[in-house]
Asker: 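Pasting in a structure now, in structure tokens, and then I'll have a few things to ask.
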Number of protein chains: 2
Amino acid sequence: MVCMTRRTDALSRERIVEATIEILDTAGESALTLRALTAHLSTGRGALYHHVATKDDLLAAASDGVIGRVLAEVGGHEDPAYAIRALALGIFTAIDGHPWVGSQLARDPGQPAVLQIWTSVGSQLTRLGVTGRARSDAGSALVNYVLGAAAQHAAGARRAPDQAARQEYLQALATKWAGEDPDAAELLRDHDDRAQFLAGVDIFLAGVSALRKPAGSG
Amino acid sequence: MVCMTRRTDALSRERIVEATIEILDTAGESALTLRALTAHLSTGRGALYHHVATKDDLLAAASDGVIGRVLAEVGGHEDPAYAIRALALGIFTAIDGHPWVGSQLARDPGQPAVLQIWTSVGSQLTRLGVTGRARSDAGSALVNYVLGAAAQHAAGARRAPDQAARQEYLQALATKWAGEDPDAAELLRDHDDRAQFLAGVDIFLAGVSALRKPAGSG
DNA sequence: GACACAGCTGGACCGCCGGTCCAACCTAGG
DNA sequence: CCTAGGTTGGACCGGCGGTCCAGCTGTGTC
């Protein structure tokens, strides 16, 4: 009956999600409190709960927004293998910038953001000529790899936010590995998460291609 | 000076971790409360904190115990590729039985359980003849895939604990996919998580092998 | 056997959390 | 002007992880 919003600057789900992302980005997951959110929006809790069901709902909406933006950006490449690399790298970059998304994606396989990733990967695999069970197997492998790497990278970023702490962490790991394989310890020292992540995508793509060729007959 | 434990049936870190695993297995992650733990052990909170630093410490110790047992069991295969499959399947089975481990592994890359997985995978890859950067890339890919699949499977199990709920969930997913690819929707219906997980491992192993051959020179 | 000691134990207590509830408010329609 | 209903803000609730401390309990010493 009435117009849906009384004032353009009034509280809305969109504004709440926006503020949520801002808090998460600037102060981290642990700082996202409904109290902090109400303070940030200069409002009360009842108002929040008129637009949002629960805190989890809010987190899902926030990560859905970020992932949705990424998937929309990287959708337009002709070569499907290249598109898959771009898709994976886009997700990685997004989680590098917003570590909380990585944790959130690992939390619930039914949330919209994860479904978006599934369908994007699935359609690129179809374009790659993979179908049937091979496609669902490959899709599962790639999605799980991307989400796993995302969660680990995000957790690492949470644990070692600055470069010094990260160096310490890598050093400790290198020491642990040194006895077993000095070469690996050396590589760990000038280690690039992004390059390693892409190398993993390439291993996956090579595997899909290798398994497709020998099984020629339907 | 004195003997380290006064009575064999007294409170100890081991007993606490054991009780923690029992609560997590029987009642789920959300049921693990320090209050529930004290009730289970018929003790108070101060006593708990004499043996355990924080709740996170407890969770890490619990998952470390489960993973450690798994890795010790599957270590003895001659063929490294087979050993990797056994390793991955062992982790998958453990997480299928203890879903909370899956969530825990995705939370912190520095915890002992994750380091154990890294070193196990790394040593098997070395036995497979993969070295240097290829090894760290392959190890990263495999570990991230396994951890990602574990976390997703665990989250799914948390969300749909019984078979009926799981069917509903798959049905909803199938409906979503049906418009895009009816074949995939059909496959989703009689979907086997364990087989799909192993298919993913095979994709990565095939990729590692495929990328090793063309790059013959060091 | 008495004693002092040190580590262990249990429960009261704290601040904070997510979520609920309701009285006051503000705008649209009559 | 009044009424009505969606919107707002804050008081309130039970429960959480973690801290603190007074007392207990087993031990080594004499």
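All heavy atoms count here, side chains included; hydrogens, waters and symmetry mates do not. Throughout, protein chains are lettered first and strands after them, A, B, ... in sequence-line order, and every chain is numbered starting at 1.
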Asker: Which whole-number value in Å describes the distance from L58(A) CG to dG18(C) P?
Answerer: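 Spelled out: CG on L58(A) to P on dG18(C) is 11 Å.
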
Asker: Could you state the atom-to-atom distance from NZ of K55(A) to P of dG19(C) in whole Å?
Answerer: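 To the nearest whole Å, that distance equals 8 Å.
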
Asker: Ignoring hydrogens and angles, are the base of dG18(C) and the side chain of R35(A) linked by a donor-acceptor pair under 3.5 Å?
Answerer: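 Result: at least one qualifying N/O pair found.
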
Asker: When you match A53(B) and S30(B) each to their closest nucleotide on DNA chain D, which lands nearer the 5' end?
Answerer: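 Nearest nucleotide further toward 5': that of S30(B).
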
Asker: Is it true that Q116(B) and D64(B) share a donor-acceptor pair across their side chains at a distance under 3.5 Å?
Answerer: yes

Asker: Take atom OH of Y49(B) and atom P of dC14(C), then tell me their distance rounded to the nearest Å.
Answerer: 17 Å

Asker: Could R158(A) and D108(B) be called an ion pair, given the rule that one side-chain N must be under 4.0 Å from one carboxylate O?
Answerer: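 Result for this pair is no, no salt bridge flagged.
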
Asker: Would you say the side chain of Q111(B) lies within less than 4.5 Å of the side chain of Q104(B), judging by non-hydrogen atoms?
Answerer: yes

Asker: Please tell me which of T33(A) and A47(A) maps to the more 5' nucleotide of DNA chain C, matching each residue to the nucleotide holding its nearest heavy atom.
Answerer: T33(A)

Asker: Closer than 4.0 Å, any side-chain N/O of H51(A) to the OP1 or OP2 of dT8(D)?
Answerer: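 It does, given that an N or O in the side chain of H51(A) lies less than 4.0 Å from OP1 or OP2 of dT8(D).
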
Asker: What nucleic acid atoms does L32(B) come within less than 4.0 Å of, heavy atoms only: base, sugar-phosphate, or nothing?
Answerer: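 Here L32(B) touches the backbone only, sparing every base.
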
Asker: How many Å lie between CZ on R15(B) and P on dT9(C), as a whole number?
Answerer: 10 Å

Asker: Once you round it to whole Å, what is the distance between P of dC21(D) and NE2 of H50(B)?
Answerer: 13 Å

Asker: Mind checking if T38(A) touches a base, just sugar-phosphate, or nothing, with heavy atoms under 4.0 Å?
Answerer: nothing

Asker: Does the pair D96(B)/R194(B) count as a salt bridge with the N-to-O cut at 4.0 Å?
Answerer: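 Salt bridge present between D96(B) and R194(B).
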
Asker: Rounded to whole angstrom units, what separation is found between the CD atom of E29(A) and the C1' atom of dC17(C)?
Answerer: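 Atom CD in E29(A) sits about 16 Å away from atom C1' in dC17(C).
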
Asker: Which class fits the ring pair F197(A) and F92(A): parallel under 30°, tilted 30 to 60°, perpendicular over 60°?
Answerer: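 Taking F92(A) first and then F197(A), their aromatic rings lie parallel (interplane angle under 30°).
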
Asker: Would you kindly give the CD1-to-P distance between I23(A) and dC17(C), to the nearest whole Å?
Answerer: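 So the CD1-P distance, I23(A) to dC17(C), works out to 12 Å.
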
Asker: May I ask you to say what L37(B) touches in the nucleic acid, namely base, sugar-phosphate or nothing, with a heavy-atom cut-off under 4.0 Å?
Answerer: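 Counting heavy atoms under 4.0 Å across all strands, no contact is made by L37(B).
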
Asker: Given atom CZ of R45(A) and atom P of dG10(D), what is their separation to the nearest angstrom?
Answerer: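 About 11 Å, once rounded to whole Å.
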
